[in-house]
Number of protein chains: 2
Amino acid sequence: MKLNVSPDTIPPRGHEAKRVSIMDAAGKVFCRESFAGANIDMIAAEAGVSRQTIYNHHGDKENLFVAIVRDLTERCNAGIFATISTFPDQPKDLEADLIAFAVRMNRNCVCNRDGKFLRKLIQTEGERYPELFAEWREQGPGRTWPAIAARFARLAHAGFLDIEDPDVAARQFLALANAELQTTFMLGGTPDDDEVLQSATHGVRTFLRAFGKRQQVADAQKHSPPTGA
Amino acid sequence: MKLNVSPDTIPPRGHEAKRVSIMDAAGKVFCRESFAGANIDMIAAEAGVSRQTIYNHHGDKENLFVAIVRDLTERCNAGIFATISTFPDQPKDLEADLIAFAVRMNRNCVCNRDGKFLRKLIQTEGERYPELFAEWREQGPGRTWPAIAARFARLAHAGFLDIEDPDVAARQFLALANAELQTTFMLGGTPDDDEVLQSATHGVRTFLRAFGKRQQVADAQKHSPPTGA
DNA sequence: ACAAATTTAGACACTCTTGTCTAATTCGTC
DNA sequence: GACGAATTAGACAAGAGTGTCTAAATTTGT
């Protein structure tokens with residue numbers, strides 16, 4: 001609603017700070033209390049801002065909510081793509097590298113603050129805002145899953161894995177990496193580093209038992225996956 | 001508030017019918033609207049009952065909510081144990097039998113009405129009622145997962161599978177069986193029979209690639225102890 | 001058919017929340 | 001220091017929801 005002519009004077013200084021702290025607090029409160037249970041005064045207090053300021057910035061509660069979800073979706077997506085870019089395309093130690101990747105994915109995208117908030121909001125309010133969450137579905141899983149699948153396909157093509165359907169494998173990789181965190185996620189908890197590592201380790205081992213190359217049949221005798229030590 | 005002396009005259013007849021229809025409607029509405037978003041008039045209307053009757057039966061909104069969760073937990077647990085009892089202990093066709101089991105588990109326990117409601121309520125209100133959901137955790141995953149693990153352990157002992165840690169395998173089995181339903185669950189949807197079969201088939205195939213007996217490599221074990229590499 | 005228990009509709013007081021408005025104050029900038 | 005924009009506290013009306021109460025209607029067991 002404020003169209004400044006000069007392109008670099010967009011918002012003053014404290015203005016943006018307030019905006020951020022409102023988004024921050026609103027995410028926290030919506031996540032904790034659900035849309036209906038949250039109230040604007042709570043958010044204002046948590047943001048250290050007056051109620052009126054929130055109305056000035058966002059108009060009404062629903063508008064604020066939508067802004068939060070869009071913001072979280074965007075930030076989470078960025079994080080996921082950043083993490084995908086660290087996928088081990090030329091692994092030295094396939095098991096260790098995939099475990100490390102799974103841990104990064106969980107820690108930086110799934111278990112972190114934004115990931116937790118977005119997941120909770122989707123679960124809680126998904127049915128009430130079909131178009132908003134359809135948007136998330138397209139921008140989120142719709143784009144990240146194929147990206148991960150492509151990496152696995154490349155790894156298979158390079159001879160590191162034996163995969164028929166990379167899309168299926170990608171989904172199963174993620175499912176396995178989280179297999180032991182499900183209950184914690186359900187209750188809104190945040191698994192600690194050890195649980196994440198544990199789940200990723202078990203998940204990747206099983207994944208490699210299923211999709212790892214079995215060279216014994218071919219011809220090798222010494223070039224087995226260098227895991228231990 | 002009504003202590004009847006004779007132990008079998010507990011509730012009349014239509015009384016119980018109302019009780020059931022209240023529980024039914026309340027589950028639906030709490031699930032759809034969240035605790036804060038649900039209101040008693042909505043539940044009363046959906047149950048075909050007057051508001052006062054709900055207050056007569058359950059005292060207040062919170063009490064009603066707790067009763068719903070307890071009821072759902074109990075019913076879901078019963079369903080899960082009933083399904084576990086159909087686990088293929090002496091499989092004729094291991095893949096087909098495990099797929100069928102995974103489908104039963106999903107259809108009768110995870111994707112059905114009660115399963116969907118309980119899952120949603122846990123996700124949505126879990127943080128607000130720690131003791132109630134701790135109870136669920138103990139009665140639910142705390143008892144069903146070991147039960148499934150025991151079945152897999154038996155199957156491994158009988159020579160059908162090659163499993164080191166049955167608890168891990170059981171969790172991974174369930175994770176794989178649901179791997180392709182995650183997004184749908186997130187948004188509160190109910191996957192159709194085809195999606196369930198698809199996910200179960202892919203999941204079980206991968207599970208068997210990882211844990212199935214491979215005669216050629218049965219002795220080529222190359223597993224090192226858990227290390228945080 | 002009768003008596004007791006239950007259910008019902010409606011009104012009610014009370015609280016909470018949203019969103020608006022106003023006037024005073026603070027902040028950023030020149 | 002002064003100006004304009006943003007923020008603030010507080011009051012406010014309107015609406016919605018909870019939980020109670022009452023008197024009438026209905027159901028249930030005998």
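Letters A, B, ... mirror the listed sequences (proteins, then strands); counts begin at 1.
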**Asked** With a 3.5 Å cut-off and no angle check, do the side chains of B/Thr73 and B/Gln139 form a donor-acceptor pair?
**Response** no
**Asked** Do A/Asp194 and A/Gln198 have side-chain atoms, one donor and one acceptor, less than 3.5 Å apart?
**Response**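 A/Gln198 and A/Asp194 do not have a side-chain donor-acceptor pair below 3.5 Å.
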Where the side chain of [X] is concerned, which of [options] is the nearest nucleotide?
{"X": "A/Lys61", "options": "C/dT18, C/dT8, D/dT18", "value": "C/dT18"}
{"X": "A/Asp41", "options": "C/dT7, C/dT18, D/dG19", "value": "C/dT18"}
{"X": "A/Val49", "options": "C/dT20, C/dG10, D/dT8", "value": "D/dT8"}
{"X": "A/Asn39", "options": "C/dT17, C/dT8, D/dA9", "value": "C/dT17"}
{"X": "B/Ile40", "options": "C/dT18, C/dA9, D/dT18", "value": "D/dT18"}
{"X": "B/Arg51", "options": "C/dA11, D/dT18, C/dT8", "value": "C/dA11"}

**Asked** Mind checking whether A/Phe152 and A/Phe207 have parallel, tilted or perpendicular rings, split at 30° and 60°?
**Response** tilted
Atom pair distance, as rounded to whole Å: [atom1] in [X] and [atom2] in [N]:
{"X": "B/Asn56", "N": "D/dT26", "atom1": "CG", "atom2": "P", "result": "18 Å"}
{"X": "B/Tyr55", "N": "D/dT22", "atom1": "OH", "atom2": "P", "result": "17 Å"}
{"X": "B/Gln52", "N": "D/dC21", "atom1": "CD", "atom2": "P", "result": "9 Å"}
{"X": "B/Leu64", "N": "D/dG17", "atom1": "CG", "atom2": "C1'", "result": "15 Å"}
{"X": "B/Phe30", "N": "D/dG17", "atom1": "CZ", "atom2": "C1'", "result": "13 Å"}
{"X": "A/His58", "N": "D/dA6", "atom1": "NE2", "atom2": "P", "result": "15 Å"}
{"X": "A/Ile22", "N": "D/dA6", "atom1": "CD1", "atom2": "P", "result": "13 Å"}
{"X": "A/Ile54", "N": "C/dT20", "atom1": "CD1", "atom2": "C1'", "result": "15 Å"}

**Lys/Arg N to Asp/Glu carboxylate O, B/Glu127 vs A/Lys116, below 4.0 Å** = yes
Is there a side-chain polar atom (N or O) of [X] under 4.0 Å from OP1 or OP2 of [N]?
{"X": "B/His57", "N": "C/dT7", "result": "yes"}
{"X": "B/Lys18", "N": "D/dT27", "result": "no"}
{"X": "A/Thr53", "N": "D/dT8", "result": "yes"}

**Request:** For residues B/Phe65 and B/Leu121, determine if any side-chain heavy atom of one lies less than 4.5 Å from a side-chain heavy atom of the other.
**Result:**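 B/Phe65 reaches B/Leu121 side chain to side chain.
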**First encountered from the 5' end of DNA chain C, between A/Gly59 and A/Gly37** =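 Of the two residues, A/Gly37 wins.
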**Request:** Quick one: label B/Ala38 by what it contacts on the DNA or RNA (base, sugar-phosphate, nothing), any heavy atom closer than 4.0 Å.
**Result:** sugar-phosphate
